[in-house]
Amino acid sequence: MDRALSARIFHLLKKHYGVPDPSLRYTGLYELAVSVVLSAQTTDAQVNAATPALFARYPDFARLARARIGDVERIIKSTGFYHNKARNIVALSRAVTQRHGGELPSAREELTALPGIGRKSANVILSIGFGVPALAVDTHVLRIANRLGYVESDDPLRAEEALTSMIPRADWTTAHLVLITHGRALCAARAPRCRECPVRTLCAYARNNP
DNA sequence: ATCCCGAGGG
DNA sequence: CCCTCTGGAT
C-alpha cells in the first residue's frame, strides 16, 4: 500500500458514502462514553435500543455511579456481555466522578485507565467526542484494512499504525466512519458484495472474489 | 489464549 | 445451525 493508492481508495469511498454520521445515538460525553462501552461485540442498533431507558433512569455519571448492578444489567441485557458491561459502566461512572470531578478526561492514557475502555473505545471518544484526530480500529476497520492490503495482521494496533501512516491526520475520523459504513453496507464479513463495491478495482480481495 | 454473552443474518 | 456484531479484562 502506498499513499497514492490509499488516497484514491478514500476518494472513491467518500464519493460513494459521503461523510457518515456516527451511528450511536447519544447526547454529550456521558452518553457517548457509556454507549461506546456497550457497543463491544454488538451492533449499534442493539445499543441504541437499550440506551434510552438507561439514560432516562441514569442521566449522568453521578447517577449511574450510584446504580445497582442488577438494575443496570436488566436494562442492557440485550447488548450481550451484560455482567461485564454493567459492572464496567458503573465503575466507569464512579471513576469519572471521583478521579476526574465528573468530567470525562480527554487524554488517551486517562481514558484507557477507565473500566471498560481500551484503545479502540478511547479512540472513538477522542475522535468523535473531543474532535481529537484518532482512528479507532474495530472489527470492520480491521477486516477492511486487511482486504485492501493496508496490513496482513489480526492485530488492531498494527492496522491502526498502517492506516494512520497512509491517511492524513485530518481525515482519520472520517476514515473511521467511512470504513464502518463500508463494512456494514458492502464489505461485510460473511458475504461481501464486491460486485457493487466502489473500490473493487483497487482491492486484491475483490479481484479474488468473482 | 480465554472468557464474557445476547441477538440477528445467511 | 454457525457466523458475526464499532472489545476489554484476566
Side-chain angles (χ1 to χ4, degrees), chain A residues 13 17 19-26 29 31-51 53-54 69-70 72-96 108-130 132-148 150 153-160 163-164 167 172-196 205 209:
Chain A
L13 288 176
Y17 294 111
V19 178
D21 291 322
S23 45
L24 286 175
R25 227 179 290 125
Y26 68 95
L29 292 171
E31 294 189 4
L32 174 61
V34 171
S35 295
V36 168
V37 172
L38 295 181
S39 73
Q41 293 297 105
T42 193
T43 61
D44 57 327
Q46 294 295 335
V47 176
N48 291 334
T51 47
L54 184 69
I69 303 294
V72 176
E73 285 184 348
R74 274 189 286 282
I75 297 173
I76 68 167
K77 189 162 192 170
S78 60
T79 66
F81 298 155
Y82 61 91
H83 293 301
N84 285 338
K85 289 177 180 177
R87 272 189 279 110
N88 281 337
I89 60 178
V90 171
L92 163 67
S93 299
R94 288 181 181 154
V96 171
R108 179 182 282 126
E109 310 79 53
E110 292 182 319
L111 287 168
T112 53
L114 295 170
I117 298 188
R119 187 178 182 90
K120 178 264 175 182
S121 296
N123 281 343
V124 172
I125 293 168
L126 284 172
S127 60
I128 293 174
F130 289 105
V132 175
L135 208 164
V137 176
D138 52 49
T139 181
H140 289 301
V141 176
L142 180 61
R143 177 179 68 252
I144 297 170
N146 275 278
R147 286 179 176 172
L148 287 173
Y150 281 89
S153 171
D154 60 355
D155 181 355
L157 188 54
R158 289 275 184 84
E160 182 182 332
L163 288 163
T164 53
I167 299 169
W172 288 353
T173 302
T174 299
H176 166 76
L177 294 170
V178 165
L179 290 178
I180 298 284
T181 304
H182 184 44
R184 284 203 301 246
L186 296 175
C187 198
R190 239 201 283 187
R193 301 158 68 177
C194 299
R195 284 277 108 71
E196 311 165 45
Y205 182 89
N209 275 301

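All chains are named by letter (A, B, ...) in the order of the sequence lines, taking the proteins before the strands, and each is independently numbered beginning at 1. Everything numeric here is computed off the predicted structure, so don't read it as measured data.
Residue A:A191 is classed as having no contact, given no heavy-atom separation below 4.0 Å to the nucleic acid. When heavy atoms are screened at a 4.0 angstrom cut-off, A:K77 is found touching the sugar-phosphate backbone but no base atom. Using a 4.0 Å heavy-atom cutoff across all strands shown, A:V137 reaches no nucleic acid atom at all. A:P156 comes within 4.0 angstrom of no nucleic acid atom, judged by non-hydrogen atoms across all strands.
Rounded to an integer number of Å, the gap from A:K85 NZ to C:dT6 P is 11 Å. C:dA9 atom P lies 12 Å from atom NZ of A:K120, rounded to whole Å. The interatomic distance linking A:I125 (CD1) with C:dG7 (C1') rounds to 13 Å, in whole Å. Here C:dG7 presents its P atom at 10 Å from CZ of A:R143, a figure rounded to the nearest Å. A:I76 has its CD1 atom 15 Å from the P atom of C:dG7, to the nearest Å. Atom CG of A:L142 and atom P of C:dT4 are 13 Å apart (whole Å).
The stretch residues 37-49 of chain A touches DNA chain B through A:Q41, A:T42, A:Q46, each having a heavy atom under 4.0 angstrom from the strand.
For the pair A:T139 and C:dC5, the criterion of a side-chain N or O lying under 4.0 Å from OP1 or OP2 is met. Under 4.0 angstrom from either OP1 or OP2 of C:dT6 there lies at least one side-chain N or O belonging to A:H140. Phosphate contact (OP1/OP2 of B:dC5, side-chain N/O of A:T79, threshold under 4.0 Å): absent.
Minimum interatomic distance between A:P20 and A:V178 (heavy atoms only, all atoms of both residues): CD-CG2, 3.8 Å. Between A:R184 and A:S23, the shortest heavy-atom contact is NH1-OG, 3.3 Å. Nearest heavy-atom pair, A:T181 versus A:Y17, reported as atom, atom and distance to 0.1 Å: CG2-CD2, 3.6 Å. Residues A:I75 and A:A53 share a closest heavy-atom pair of CG2-CB, 4.0 Å. A:L135 approaches A:E160 most closely through the heavy-atom pair O-CG, 3.5 Å.
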Inset, instruction - I would like to know whether A:V47 and A:Y26 meet side chain to side chain contact (heavy atoms under 4.5 Å, CB included); could you show each step before the answer? - result: CA-CA 10 Å; A:V47 176; A:Y26 68 95; over 6 Å; no
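Comparing C:dC5 with B:dC4, their C1' atoms are spaced 15 Å from each other, to the whole Å. B:dA1 and C:dT6 have their C1' atoms separated by 23 Å, given to the nearest Å.
Two residues, A:P22 and A:I117, neighbour DNA chain C, and the one matched to the more 5' nucleotide by heavy-atom proximity is A:P22.
Comparing atom distances between the A:R190 side chain and each of C:dT6, C:dG8, B:dG8 picks out B:dG8 as nearest. Residue A:S78 places its side chain closer to B:dA7 than to any other of B:dC5, C:dG8, B:dA7.
Contact of the A:D44 side chain with the A:I180 side chain is not registered, since no non-hydrogen atoms from C-beta on lie closer than 4.5 Å.
B:dG6 has no stacking from A:Y82 on its base ring, since the centres under 5.5 angstrom apart and planes within 30 degrees of parallel are not both found. In this structure, the aromatic ring of A:F81 is positioned over the six-membered ring of the base of B:dC4, centres within 5.5 Å and planes within 30°.
Applying the 6.0 Å contact sphere to CZ of A:R158 captures no more than 12 heavy atoms from other residues, nucleotides or ligands. Shown here is A:R94, whose CZ atom has more than 12 heavy atoms of other residues, nucleotides or ligands within 6.0 Å.
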Check nucleotides 1-3 of chain B against the protein and report each pair of N or O atoms closer than 3.5 Å, with its distance, or say if there are none.
none

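Here A:R87 pairs with nothing under the salt bridge (Lys or Arg N to Asp or Glu O under 4.0 Å) rule; sequence neighbours left out.
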